[in-house]
Amino acid sequence: MHLLHGHTFQVGLDWARKDTVIVLPKQTVTVIFDADNPGQWLAHCHNAYHAERGMMALFSYIK
């Protein structure tokens with residue numbers, strides 16, 4: 001998944017900053033990020049087949 005365009009995030013307690021993460025079927029991933037770039041941001045699967053079938057979401061926030 002490409003999460004939160006316009007942001008980087010941390011997965012769990014790993015301090016590495018990322019902008020994509022592998023999410024296996026029927027699994028979840030918890031990310032930590034700084035909400036320092038308000039607006040509307042897309043989260044989506046990089047697999048075109050999945051994205052075409054709706055595996056994407058809009059994430060919005062304001063200051």
Side-chain angles (χ1 to χ4, degrees):
M1 291 293 291
H2 189 147
L3 298 175
L4 301 178
H5 280 255
H7 299 79
T8 58
F9 55 85
Q10 172 185 328
V11 178
L13 299 177
D14 177 8
W15 287 97
R17 303 296 293 179
K18 301 177 176 212
D19 67 353
T20 60
V21 64
I22 295 172
V23 183
L24 299 174
K26 299 184 182 184
Q27 299 295 310
T28 61
V29 174
T30 300
V31 299
I32 300 166
F33 76 100
D34 293 323
D36 59 358
N37 196 4
Q40 294 186 326
W41 300 101
L42 186 62
H44 65 92
C45 183
H46 274 183
N47 180 315
Y49 176 84
H50 293 161
E52 288 172 358
R53 280 150 185 78
M55 195 171 179
M56 56 179 58
L58 185 63
F59 182 83
S60 304
Y61 68 94
I62 58 175
K63 258 187 171 175

Of all heavy-atom pairs linking Met56 and Leu42, the shortest is CB-CD1, 4.2 Å
- Crowded around Tyr49 OH? As in, over 12 foreign heavy atoms under 6.0 Å? no
Looking only at heavy atoms, the pair that brings Asn37 and Gly6 closest together is ND2-O, 3.1 Å
Indicate, with yes or no, if Phe9 and Val23 share a hydrophobic cluster defined by side-chain heavy-atom contacts under 4.5 Å among Ile, Leu, Val, Met, Phe, Trp and Tyr. yes
d(Phe59 CZ, Phe33 CZ) to nearest 0.5 Å is 4.0 Å
In terms of heavy-atom contacts, Ala51 and Cys45 come closest through CB-O, 3.7 Å
Indicate yes or no: at least one non-hydrogen side-chain atom of Gln10 is less than 4.5 angstrom from one of Lys18. no
Here the pair of heavy atoms bringing Leu58 nearest to Gln40 is CD1-CB, 3.9 Å
| query | Are His7 and His5 close enough that their ring centres sit under 6.0 Å apart? | reply | no
Q) Are Met55 and Leu24 co-members of a hydrophobic cluster defined by side-chain heavy atoms under 4.5 Å apart? A) no
When rounded to the nearest 0.5 Å, the distance separating CZ of Arg53 from CG of Asn47 is 9.5 Å
